[in-house]
Participant: 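Sharing a structure below in structure tokens format, with a few things to ask.
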2 protein chains.
Amino acid sequence: MAARRVAEGQPGLPGVVDQVLQGDCLELLPQLPEGSVDLIFADPPYNLQLQHELLRPNRSVVDAVDDDWDQFESFASYDDFTRAWLTACRRVLKPSGTLWVIGSYHNIYRVGAILQDLGFWFLNDVVWIKSNPMPNFRGVRFTNAHETLLWCKRAPDAKGIGFNYHEMKAENGGKQMRSDWYFPLCGGAERLREADGTKVHPTQKPLALLDRIVRASSQPGDLVLDPFGGVGTTAVAALRNGRRWLLLEREPRYVVAARERLARETARLHVPLQAVGG
Amino acid sequence: MAARRVAEGQPGLPGVVDQVLQGDCLELLPQLPEGSVDLIFADPPYNLQLQHELLRPNRSVVDAVDDDWDQFESFASYDDFTRAWLTACRRVLKPSGTLWVIGSYHNIYRVGAILQDLGFWFLNDVVWIKSNPMPNFRGVRFTNAHETLLWCKRAPDAKGIGFNYHEMKAENGGKQMRSDWYFPLCGGAERLREADGTKVHPTQKPLALLDRIVRASSQPGDLVLDPFGGVGTTAVAALRNGRRWLLLEREPRYVVAARERLARETARLHVPLQAVGG
DNA sequence: GTTTTTCATGAATCCTCGG
DNA sequence: TCCGAGGATTCATGAAAAA
């Protein structure tokens, strides 16, 4: 059982790193040792609160995110949930560790305020600007073309934050990396799909986004934790950059997809590059 | 006195529109008629964590301290202040009116959560991306290259929101205007300066930013209110686009600068275009 | 085989008015 | 307050189909 294996993995979590643990993060996080994680990336439910069906101009129906895991009764219940998982994350974070959260305008303002209330200290807010967002079909608002990332440390006086400034600067053509990041949506070959072509996960994030986060804010050998692991994009980014990783995920079908994906990635890393094919 | 003149100007505020009223917005807003304003733009104080300039709800200065308890106190007092002015703004807003707030990561997450708690409903969040931001001199974070704007209506079921979709689409080369806006910082001839070259206002916003906001979310003849009027950029944008305007501003030196600026603008509008000089 | 056209789709808080 | 009619409304990408 996952719970026992987690409890055995101390210190440094040797028994559970590089694994996908199935379960609710509110149950699993308390079993991890305090101060054991270098970097946390979290993509929590957004609480979209969709009211009606939305039609495209050609009268087809938009496939909206209406999964059970995104349903909350009220702002208050969403806030309670947010406080709970952020508090649990803060406990397992090293004093020098940092945490990222991604969200949209539906939830990110609540998350940001709660982060501050819990004692986290913002390092940056970063905007992921989408080159190919979904349009506003009714022509009644601006195209919602970005999502927001919050990057923070554990406390205002936390020291020893590892920010790979020069690597980011080099990636940005020799100029300081800015808070506006440009990536397309996750699609094409990168998007995990069932045999019938449907999305495995409704909100799979682009690997390039996670790759930049991992390389900017962790060092080789660090432990990267994702409490809402989904189909494992965070772990793939960690693996490819020589970081250890740990995913928590509640939905069995996402756990299966993530484990298969990570197995493929691990095999791929052990094959000479020229044999992988281009 | 400002207070008496405000009280006289009902309904439709004929006595006070197109004026800069000197005074605290928490005192002036309650004197305005309920449901009389079409559009509000607010650029509230950001100085949440400058350690020496913490504000109470009445905007008096709190003695700064460093420990966690006082940090919480500063958040709480900023929240009280934010709730107070947003509640007062909501009262004067027409049912079909909308409100914009601009902020940075220091304050915008608290503002956003409070907006939701007060019943406002987000239409968009928009990021102002700066072509020439201040670099991060220490090389320890990403260049903070954007600020955030929240656009919301008075309530989830509010109807009749005027969004000039086609004008925005035309401005964006025939494609829907997106939530990422690109403007340089306010500088050059646009930046108001004292005789000795120092800035009149530390955070004067680019006129192009306010111009887009006014044209996107109000109609000619509408009344535009800015409760933190500063040196009057919102009013200039309103004036140039045929909207009525009303500024509230507490600092006498900003009031003077704004009145002089608006007088120049008004004179400019009454001179044939070719005589203005290009 | 190559190029062009068609079509599906992505974290979406997406209308207004009259009866 | 609810319901139905009327009317205005989409961009980038990639895969599939057609030329």
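Chain letters run A, B, ... following the sequence lines, proteins first, then strands; residues in each count from 1. The shown structure was predicted, so the numbers you read here are calculated from the model rather than taken from an experiment. Only this structure's heavy atoms are used, side chains among them; waters, hydrogens and symmetry mates stay out.
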Participant: Measuring from the side chain of Lys159(B) (C-beta onward, heavy atoms only), which nucleotide among dA11(C), dG10(C), dT16(C) has the closest atom?
Facilitator: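 Looking only at heavy atoms from C-beta outward on Lys159(B), the closest nucleotide is dT16(C).
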Participant: Going by heavy atoms closer than 4.0 Å, what residues in residues 123-152 of chain A are next to DNA chain D?
Facilitator: Ser131(A), Asn132(A), Pro133(A), Pro135(A), Asn136(A), Phe137(A), Arg138(A)
Participant: Can you tell me how the ring of Phe81(A) sits relative to the ring of Phe72(A), calling it parallel under 30°, perpendicular over 60° and tilted otherwise?
Facilitator: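 Judged by the thresholds at 30° and 60°, the geometry between Phe81(A) and Phe72(A) is tilted.
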Participant: Using a 4.0 Å heavy-atom cut-off across all strands, classify Gln51(A) as base, sugar-phosphate, or nothing.
Facilitator: nothing
Participant: Inspect the contact between Asp63(A) and Lys199(A) and indicate whether a charged nitrogen and a carboxylate oxygen are less than 4.0 angstrom apart.
Facilitator: yes
Participant: Taking Asp222(A) first and then Arg243(A), would you say they form a salt bridge - that is, a charged N and a carboxylate O separated by under 4.0 Å?
Facilitator: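 Looking at Arg243(A) together with Asp222(A), the answer is no, because their closest N to O distance does not fall below 4.0 Å.
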Participant: With the threshold set at under 4.0 Å for non-hydrogen atoms, list the residues of residues 225-237 of chain A touching DNA chain D in residue-number order.
Facilitator: none
Participant: Within the structure shown, what part of the strands sits under 4.0 Å from Lys169(B) by heavy-atom distance: base, sugar-phosphate, or nothing?
Facilitator: sugar-phosphate
Participant: If every non-hydrogen atom of Glu249(A) is compared with every non-hydrogen atom of Glu251(A), which pair is closest and at what distance?
Facilitator: OE2-N, 2.9 Å
Participant: Would you kindly give the CG-to-C1' distance between Leu55(A) and dG6(D), to the nearest whole Å?
Facilitator: 15 Å
Participant: Starting at NZ of Lys153(B) and ending at P of dC14(C), how long is that distance when rounded to a whole Å?
Facilitator: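 The answer, rounded to whole Å, is 7 Å.
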Participant: Take the protein atom CZ of Arg59(A) and the nucleotide atom P of dA5(D), then report the distance between them rounded to whole Å.
Facilitator: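 Value for this atom pair: 12 Å.
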Participant: Looking for any heavy atom pair under 4.0 Å, which part of the strands does Pro206(A) touch: base, sugar-phosphate only, or nothing?
Facilitator: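 No contact.
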Participant: Can you measure Trp69(A) atom CH2 to dA11(C) atom P for me and round it to whole angstrom units?
Facilitator: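 It works out to 10 Å between those atoms.
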Participant: Can you tell me the distance, in whole Å, between the CZ atom of Phe183(A) and the C1' atom of dG10(C)?
Facilitator: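 Those two atoms, CZ and C1', are 18 Å apart.
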Participant: Less than 6.0 angstrom separating the ring centers of Trp100(A) and Trp151(A), yes or no?
Facilitator: yes
Participant: What is the nucleic acid contact for Asn47(A), judged by heavy atoms within less than 4.0 Å: base, sugar-phosphate only, or nothing?
Facilitator: nothing
Participant: Treating a pair as Watson-Crick (purine N1 to pyrimidine N3 plus N6-O4 or O6-N4) or G-U wobble (N1-O2 and O6-N3) with both distances under 3.5 Å, list the stems of 3 or more consecutive pairs that involve DNA chain C.
Facilitator: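 Only these stems qualify: C:2-10 with D:11-19, C:15-19 with D:2-6.
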Participant: Report yes if a side-chain nitrogen or oxygen of Tyr165(B) is closer than 4.0 Å to either non-bridging phosphate oxygen (OP1 or OP2) of dC15(C); otherwise report no.
Facilitator: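 Looking at the OP1 and OP2 atoms of dC15(C), neither is under 4.0 Å from any side-chain N or O of Tyr165(B).
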Participant: What closest approach, in Å, do Phe41(A) and Thr234(A) show between heavy atoms, and which atom pair accounts for it?
Facilitator: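 Nearest pair, atom of Phe41(A) first, then Thr234(A): CD2-OG1, 3.3 Å.
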Participant: State, to 0.1 Å, how close Arg215(A) and Met168(A) come at their nearest heavy-atom pair, and which atoms those are.
Facilitator: NH1-CE, 3.7 Å
Participant: From the options dA11(C), dC11(D), dT9(C), select the nucleotide whose nearest atom is closest to the side chain of Asn58(A).
Facilitator: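 Nearest nucleotide to the side chain: dT9(C).
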Participant: If we count only N and O atoms by modelled type, under 3.5 Å, do the side chains of Thr233(A) and Arg261(A) hold a donor and an acceptor together?
Facilitator: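 The answer is yes; a qualifying pair exists.
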Participant: Given dT9(D), is OP1 or OP2 found less than 4.0 Å from the side-chain N or O atoms of His166(B)?
Facilitator: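 Yes, His166(B) has a side-chain N/O under 4.0 Å of OP1/OP2 on dT9(D).
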Participant: Rounded to whole angstroms, how far apart are CZ on Arg178(B) and P on dT10(D)?
Facilitator: 16 Å
Participant: Closest approach to the side chain of Ala64(A), judged atom by atom: which nucleotide of dA11(C), dT9(D), dA12(C) is it?
Facilitator: dA12(C)
Participant: For this output row, return yes or no: ring centroids of Tyr46(B) and His106(B) closer than 6.0 angstrom.
Facilitator: no
Participant: I want to check one thing: is the phosphate of dT10(D), taken as OP1 and OP2, less than 4.0 Å away from some side-chain N or O of Lys175(B)?
Facilitator: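 Answer is no, no contact under 4.0 Å.
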Participant: For the pair made of CG in Asn164(B) and P in dC14(C), what is the distance, rounded to whole Å?
Facilitator: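 From Asn164(B) CG to dC14(C) P: 20 Å.
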Participant: Nearest-Å distance, CG (Leu50(A)) to C1' (dA12(C))?
Facilitator: 6 Å
Participant: Which nucleotide sits closest to the side chain of Arg56(A): dA12(C), dT9(C), dA12(D)?
Facilitator: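 From the listed options, dT9(C) comes nearest.
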Participant: If the threshold is 4.0 Å, N to carboxylate O, is there a salt bridge linking Asp117(B) and Arg110(A)?
Facilitator: yes
